[in-house]
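Below: the structure, in structure tokens.
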Amino acid sequence: MINAEQRCISLLKDCKTLNNLKKIQAIATKTNLLSEPFISGKLILLSATSISDALQYACNLFLEIPSPDIFTYNTLIRGISESNLPQQSLLTYIEMRRKTILQPDSFSFAFILKAAANYKSLNGGIQLHCQSLVHGFDTHLFVRTTIVSMYAECGCINSARKAFEELSQPNVVAWNAIVTACFRCGDVKGGEVLFGKMPFKNLTSWNVMLAGYMKAGEVEPAKRIFAEMSAKDEVSWSTMIVGFSHNGRLDEAFECFRELNLSGMRPNGVSLTGVLSACAQAGAFEFGKVIHGYIEKAGFGTIVSVGNTLLDTYSRCGSVQMAHLVFDWMIKIKNIVSWTSMMASFAMHGLGKEAVQLFHDMESSGVVPDGITFVSILYACSHAGMLKEGIGFFHKMQVTYAIEPSIEHYGCMVDLYGRAGLLRKAFEFVLEMPIEPNDIIWRTLLGACSIHGDVTLAEQVKERLSELDPTNSSDHVLLSNIYAIAGKWREVVSVRRSMIDQNIKKCPGWSMIEVDKVMYSFVVGAGLNGVTKEAQEKLVEIMSRIRIEGGYIPEVGSVLHDIEEEEKENAVSLHSEKLAVAFGISRLCPGSVIRIVKNLRVCRDCHVVMKLISKVYNWKIVLRDRNRFHSFHLGQCSCQDFW
DNA sequence: TTAGGGTTAG
């Protein structure tokens with residue numbers, strides 16, 4: 001016959017879910033075992049660090065433990081330091097010092113300094129550094145290494161270097177920490193010098209260099225080091241794939257993923273998120289589906305970050321339906337990121353009502369929204385013209401959830417008022433907001449002026465933008481478009497002339513389309529050969545047919561801004577998204593969906609053409625532009641001509 | 001029974 005304590009210990013060994021944990025807690029409470037430090041400590045360890053989304057449970061459980069020991073405090077502090085509110089762990093530490101006679105140990109300082117690093121609090125970090133000195137732990141190797149990282153996270157490379165130099169015998173981990181610190185603070189050269197001086201290097205040191213270079217946007221040196229490495233592990237490969245993807249080097253991300261598979265090593269969750277993120281950026285829907293198949297077959301579907309990236313990939317590839325299927329499949333593992341991504345997906349596709357419903361479902365399920373959730377829901381409201389609901393959410397975030405609005409939230413509100421046509425209200429809102437408006441805020445307002453054709457306000461807004469970001473080509477182009485639509489041709493010429501005088505070049509437009517899992521890109525003004533020639537020939541036929549059968553008349557205003565006068569006649573057929581759609585009609589099987597990704601906002605003329613093609617040819621076209629999705633079907637667009 | 005350096009999603 002085993003007693004309750006033995007039973008608890010045995011159950012704790014296999015405890016992997018919150019439900020298991022609750023059963024053990026019930027036994028422990030009933031049999032007074034919560035006063036046993038080993039049992040209560042283990043329960044806190046599991047709930048605070050091993051079982052996902054059980055931190056709140058851990059905090060509640062902690063309150064029931066009669067006199068927690070230092071181990072129990074440490075594990076709770078660790079759990080909180082890894083959460084999205086790391087500053088709360090400092091409060092736990094302060095409470096421990098105030099309410100108990102427990103003395104902090106090296107573990108306490110390692111965890112709490114990590115928390116300060118996570119929320120980038122230099123003041124807090126300095127105070128904890130002093131505390132560790134008072135208690136005699138500041139020279140402890142583990143604590144000191146965390147101090148080096150903490151200063152680097154807070155941007156103080158000099159303090160990080162000093163903390164490292166005071167170590168008489170740094171080991172390889174401390175060396176890796178100081179090299180990482182240099183890269184984190186933007187000192188690439190310093191990182192290279194220290195790497196050269198390292199007396200010993202293991203594989204992790206090389207991976208530090210790969211990650212450092214990739215985060216600094218230095219892709220070529222990372223590639224050089226990767227090629228030189230005699231041994232590579234999962235992290236080396238993942239770092240490269242994620243690095244290529246973050247730096248927009250999508251072809252190289254795909255190629256590296258292919259090489260990883262050929263190397264005999266298997267992709268892990270991180271490399272899968274990296275390649276999926278490349279799919280999302282490129283709009284590679286079919287290739288994304290292949291990766292999805294692999295994820296299911298190889299059992300990666302239970303990793304929440306992988307599921308969330310897959311959801312986001314489908315969404316950015318234009319399939320809100322597939323994104324929603326993934327969301328539903330994630331039933332047991334979904335977290336705040338999943339809810340927020342799904343809301344963002346509805347938002348991007350103009351499905352405001354669905355996003356609002358999802359927000360309420362999330363609240364009912366007990367998940368607490370954070371600042372990013374509110375960015376998504378406000379974005380959804382503005383893109384669906386839901387003014388009243390948007391204002392309601394802006395108040396709710398502050399009153400119900402005590403979230404201080406950030407510049408992104410203010411940006412959403414400007415967009416919300418602006419798109420709804422309340423331009424003066426939007427302008428006043430910008431002038432009254434408690435944060436200094438940045439170029440993005442003013443650009444949002446300029447976009448609203450463009451939608452509603454308010455030339456006077458546009459001129460005032462452009463003046464502010466010229467102070468903040470004078471060489472931004474898209475601002476000039478937008479102002480020129482606003483003048484063109486208002487028929488102010490003299491002003492159009494003046495904007496164009498000032499662009500030439502200041503040597504401001506328009507960002508070249510490109511569009512991509514996937515055919516048979518291969519991505520094809522089309523660029524304005526590229527030579528007429530290969531696929532471009534094929535697309536161009538098809539486009540001539542398409543334009544003629546939509547003119548005859550759809551009554552198409554070119555919108556000259558849209559094309560004036562970016563081409564020379566003598567090219568105007570051909571301009572209509574030159575925009576990259578038209579070439580991409582023509583190529584799609586030429587190559588894809590009838591009945592499939594044409595999915596196009598464009599780097600700039602779609603122009604009015606292309607928007608009209610897409611609608612007519614969807615009607616005359618009876619194709620469904622999903623076009624992702626810089627801001628949102630347009631889904632064309634039977635002559636209509638999901639944005640309802642509101643973008 | 002808890003730690004420090006390298007890759008992970010909105």
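Values below: every heavy atom of this structure, side chains too, minus hydrogens, waters and symmetry copies. Here is how names work: the chains are called A, B, and so on, in the same order as the sequence lines, proteins then strands, and each is numbered from 1.
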Nearest-Å distance, [atom1] ([X]) to [atom2] ([N])?
X: A:Ile24; N: B:dT1; atom1: CD1; atom2: P; result: 17 Å
X: A:Met330; N: B:dA9; atom1: CE; atom2: C1'; result: 9 Å
X: A:Asn335; N: B:dG10; atom1: CG; atom2: C1'; result: 9 Å
X: A:His135; N: B:dA3; atom1: NE2; atom2: P; result: 22 Å
X: A:Phe346; N: B:dG10; atom1: CZ; atom2: P; result: 18 Å
X: A:Met265; N: B:dT7; atom1: CE; atom2: P; result: 17 Å
X: A:Lys201; N: B:dG5; atom1: NZ; atom2: P; result: 20 Å
X: A:Arg184; N: B:dT7; atom1: CZ; atom2: P; result: 6 Å

Minimum-distance nucleotide (side-chain atoms of [X] versus [options]):
X: A:Ser238; options: B:dT2, B:dT8, B:dT7; result: B:dT7
X: A:Ile372; options: B:dA3, B:dG10, B:dG5; result: B:dG10
X: A:Phe142; options: B:dT7, B:dT1, B:dG4; result: B:dG4
X: A:Val173; options: B:dT8, B:dG4, B:dT2; result: B:dG4
X: A:Thr239; options: B:dT2, B:dG4, B:dT7; result: B:dT7
X: A:Asn176; options: B:dA3, B:dT2, B:dG5; result: B:dG5
X: A:Val337; options: B:dG4, B:dG5, B:dG10; result: B:dG10
X: A:Thr145; options: B:dT1, B:dG4, B:dT8; result: B:dG4
X: A:Phe71; options: B:dG5, B:dA9, B:dT2; result: B:dT2
X: A:Lys114; options: B:dT2, B:dG4, B:dT8; result: B:dG4

Per the atom types in the model, does the base of [N] pair as donor or acceptor with the side chain of [X] at under 3.5 Å?
X: A:Ser305; N: B:dT8; result: yes
X: A:Asn202; N: B:dG5; result: yes
X: A:Asn171; N: B:dG5; result: no
X: A:Ser341; N: B:dG10; result: no

Cation-pi geometry met for A:Lys232 and A:Phe226 (6.0 Å, 45°):
yes
Think A:Lys396 forms a cation-pi with A:Tyr401, using NZ or CZ under 6.0 Å from the six-ring centre and within 45 degrees of its axis?
no
Only one of A:Glu220, A:Glu255, A:Glu218 passes salt bridge (Lys or Arg N to Asp or Glu O under 4.0 Å) with A:Arg249; say which it is.
A:Glu220
Classify [X] by what it touches in the nucleic acid, base, sugar-phosphate, or nothing, heavy-atom distance under 4.0 Å.
X: A:Ser149; value: sugar-phosphate
X: A:Ser106; value: base
X: A:Ile336; value: base

Is [Y] paired with [X] through a side-chain N to carboxylate O contact shorter than 4.0 Å?
X: A:Arg161; Y: A:Asp187; result: yes
X: A:Arg144; Y: A:Glu166; result: yes
X: A:Lys114; Y: A:Glu82; result: no

Output the residues of residues 306-315 of chain A in contact with DNA chain B, where contact means a heavy atom of the residue under 4.0 Å from an atom of the strand; sort by number or write none.
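When residues 306-315 of chain A is checked for heavy atoms under 4.0 Å from DNA chain B, the hits, listed by number, are A:Asn308, A:Thr309.
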Go through residues 208-225 of chain A and report each residue with a non-hydrogen atom lying under 4.0 Å from DNA chain B, sorted by number.
A:Val208, A:Ala211, A:Lys215
Ignoring backbone atoms, test whether A:Arg144 places a side-chain nitrogen or oxygen under 4.0 Å from the OP1 or OP2 oxygen of B:dG4.
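For B:dG4, OP1/OP2 do not have a side-chain N/O of A:Arg144 under 4.0 Å.
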In Å, rounded to the nearest 0.5 Å, how long is the span from OG1 of A:Thr146 to NE2 of A:His129?
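Between atom OG1 of A:Thr146 and atom NE2 of A:His129 there are 11.0 Å.
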Partners meeting ring pair (Phe, Tyr, Trp, His ring centres under 6.0 Å) with A:Phe107 (sequence neighbours left out)
none
Can A:Ser305 and A:Thr273 be said to form a side chain to side chain donor-acceptor pair (under 3.5 Å), step by step?
CA-CA 7 Å; A:Ser305 57; A:Thr273 57; 5.9 Å; no
Given 3.5 Å as the limit, does a donor-acceptor pair link the side chain of A:Thr139 with the main chain of A:Gly136, or not?
no
Output, in order, the C-alpha distance, side-chain angles, deciding distance and verdict of side chain to side chain donor-acceptor pair (under 3.5 Å) for A:Gln131 and A:Tyr93.
CA-CA 12 Å; A:Gln131 282 269 312; A:Tyr93 172 79; 2.8 Å; yes
